[in-house]
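Both backbone and side-chain heavy atoms feed into the values below; hydrogens, waters and symmetry mates do not. Order of the sequence lines fixes the chain letters, A, B, ..., with proteins taken first and strands second; residue numbering starts at 1 for each chain. Small disclaimer: the values here were computed from a predicted structure and weren't measured.
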2 protein chains.
Amino acid sequence: MSESERKRRSSKSRQVKAPTIADVAALAGVSIMTVSRVINSEPKVRQSTRETVMAAIARLNYAPNRAARSLAGASQLRLGLLYSNPSEAFLSAFVVGSLEEAGRSDVQIVIQKVEDGEDVCLAVERMVAGGVHGVILPPPLNEANDVLAVLREANVPTVAVTTAVPHAGIATIMIDDRSAAREMTAHLIGLGHRRIGFILGHPALSASGARLEGYRAALAEAGIPFDEALVAQGYFTYRSGLDAAERLLSFEDRPSAIFASNDDMAAAAVAIAHRRGLDVPRDLTVCGFDDVALATTIWPELTTIQQPIVEMSRRAVELLVTMLRNKREDEIGDQRIALEYKLVRRQSDAAPRLSSR
Amino acid sequence: MSESERKRRSSKSRQVKAPTIADVAALAGVSIMTVSRVINSEPKVRQSTRETVMAAIARLNYAPNRAARSLAGASQLRLGLLYSNPSEAFLSAFVVGSLEEAGRSDVQIVIQKVEDGEDVCLAVERMVAGGVHGVILPPPLNEANDVLAVLREANVPTVAVTTAVPHAGIATIMIDDRSAAREMTAHLIGLGHRRIGFILGHPALSASGARLEGYRAALAEAGIPFDEALVAQGYFTYRSGLDAAERLLSFEDRPSAIFASNDDMAAAAVAIAHRRGLDVPRDLTVCGFDDVALATTIWPELTTIQQPIVEMSRRAVELLVTMLRNKREDEIGDQRIALEYKLVRRQSDAAPRLSSR
DNA sequence: TCGGCGAATGTTAGCGGTATCGATAAGCCG
DNA sequence: CGGCTTATCGATACCGCTAACATTCGCCGA
């Protein structure tokens, strides 16, 4: 790691030039075209070759030159990212993921917010008129039927993120919400909890329903009867979590654990618990869903389901780009990509102090 | 404006391609090089020729292709963005800004995280070896002296963001922390508060010192004596805010307001207040600094100083690009750019209930 | 055994600019 | 009026990558 590199450097004063596709090709012992194919994940490359090239890429720390790429390639793609007012924490992770992938695949991302009062469909139409080639929809727009309708009519390939029950013709990136909620609930039951409160998510989103299903499934498996009183409506906002937690904790026989449908609401539950003099997790276990930054900001840090948000939006862009570049827009609607979630255990859960069995 | 254009269009279905430098050259009856010279306002072009070309450019509504330009010109710029473990909310805003600007100015951003145990200097060296042309440093690395030293030695232009007291030879993007803290403190005083607690930021960062100075200045201006007991050490984390707020609120004669050096710690102060049965803002005013997402997530939403994080990182990239493209690396170190902050008032402040004058 | 055929890989021609250097015309001197 | 410098301008070689076409190779059926 010195002779050759040093030579290269000294050749032209100190200018270290970035490695090019040719360098990679030389190192891997293939032609530049093959490297190009690997980079763009085109299908016609033997697995072994692909790996060799990948290794060379990693070794040189090579990144394709965007300028050259867009100059040589077809006209640059533009993707629209339309959002309304989700959890800010969620959104920023989401934006980071799509922007990263956008950089990698050299597409433009047009980010547009739909203001609260505004007509959603108008915003979509504006975007379509602006000539975007595809659209990405984070929650809650991922299931706004009017938006989807406009998009479908305009024949704009669309990918919705975090939709638990996919719509026909709309590609979807998701995790298995039901199974994740089931796992978390089972975890709580395993800890010894029997009265487990549940804070619902926004009723318009299918993920909310899926999470509730998972909660019920785990209860059923453990032979614990479902108690409607332990389920409180929430809307994915901190504020709504405050109200829901207040309700759940005001019962005579309050739950020993609360499972909120997202972290914002879980954080709210922690706040309410503290306000009532309850220690988390000693007196009350609280866990969330999503694992946004907030989960590790507050104290105690939340036990939660880690949803790979950055990865999900990255994949959304990637999917759109692949389809658009390969001119297979027709196929796009049928894609269903489910990513892995993970239960991450932190400090907000514990065994119940007073068993209420 | 019709015959030739129409022909061009109809030749290939409906594809309207953007005019190229060659089109301009043909229309103006000169060579493409001359057009290039006019575009770049190089001196060696006769005035009359220049005008002819300009006219052609205007007529075709020509704009140079950025990709082609940067491809042909100097090698593409690569900027490194090195971070360790700041507030996640801060980081994502930061990344968004730099990525956005990167797309606009057609440079690559190499993002790298320095893991906790890892040797920071090693990470810097790796990045430099990777051939980045400039480096951007968000907090807390913006004032890590060892990092700065390595960078300076390697002669890599660097811009630090949020440094209140600039280092020689390192460009800086900042806001006037002192003045912002002064304004916020004055605001609290204006509300009627006299005993105002202050939670310090991390002692290694100059912004912390500047904010304290601002606090003291406002106190002095109002003729309120500075009370050391009202200042608690924090480290910009939620956790440290918890301890600091606990200290401040345990006094007999507790402050009627707490001004925390960032939002994370302010949120912690709110949590502690609630745990002690104090209503915010009725019993205690709390305000923060930065205006990250957390500030509007919690309840009550925080009154805080809005620091334009996205804009700051955007400017950092822009500054680096300008300097690097103009080959004036020597000048880079002397830049000091201060952006505007804004005091945004939300629900966490109010006049004190029991005057403690 | 051999043509044929599909999969994997290589070759070549640009994409739209800029850098370099050569060409041309004009200006200047003795 | 010839030679030489100067101010303008033009021809051409890339920049790093991809599209389109060419090539190679292994394997199959006749």
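To the nearest 0.5 Å, the span separating CG on Leu151(B) from NE2 on His167(B) amounts to 12.5 Å.
The main-chain N or O of Ala28(A) is never found under 3.5 Å from a side-chain atom of Thr52(A) such that the two would form a donor-acceptor pair. At least one donor-acceptor pair under 3.5 Å links the side chain of Thr172(B) to the backbone N or O of Ile170(B).
Taking Thr162(B) as the reference, Asn142(B) meet the side chain to side chain donor-acceptor pair (under 3.5 Å) condition, with sequence neighbours excluded.
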Check nucleotides 8-10 of chain D against the protein and report each pair of N or O atoms closer than 3.5 Å, with its distance, or say if there are none.
residue, atom, partner, partner atom, Å
dC9(D), OP1, Thr49(B), OG1, 2.4
dC9(D), OP2, Arg46(B), N, 2.8
dG10(D), OP2, Ser31(B), N, 2.9
dG10(D), OP2, Ser31(B), OG, 2.9
dG10(D), OP2, Thr34(B), OG1, 2.4
dG10(D), N7, Arg37(B), NH1, 3.4
dG10(D), O6, Arg37(B), NH2, 2.5

Practice task
Go through the steps for Ile337(A) and Leu339(A) under the test side chain to side chain contact (heavy atoms under 4.5 Å, CB included), then give the verdict.
Solution key: CA-CA 6 Å; Ile337(A) 298 181; Leu339(A) 300 182; 3.9 Å; yes
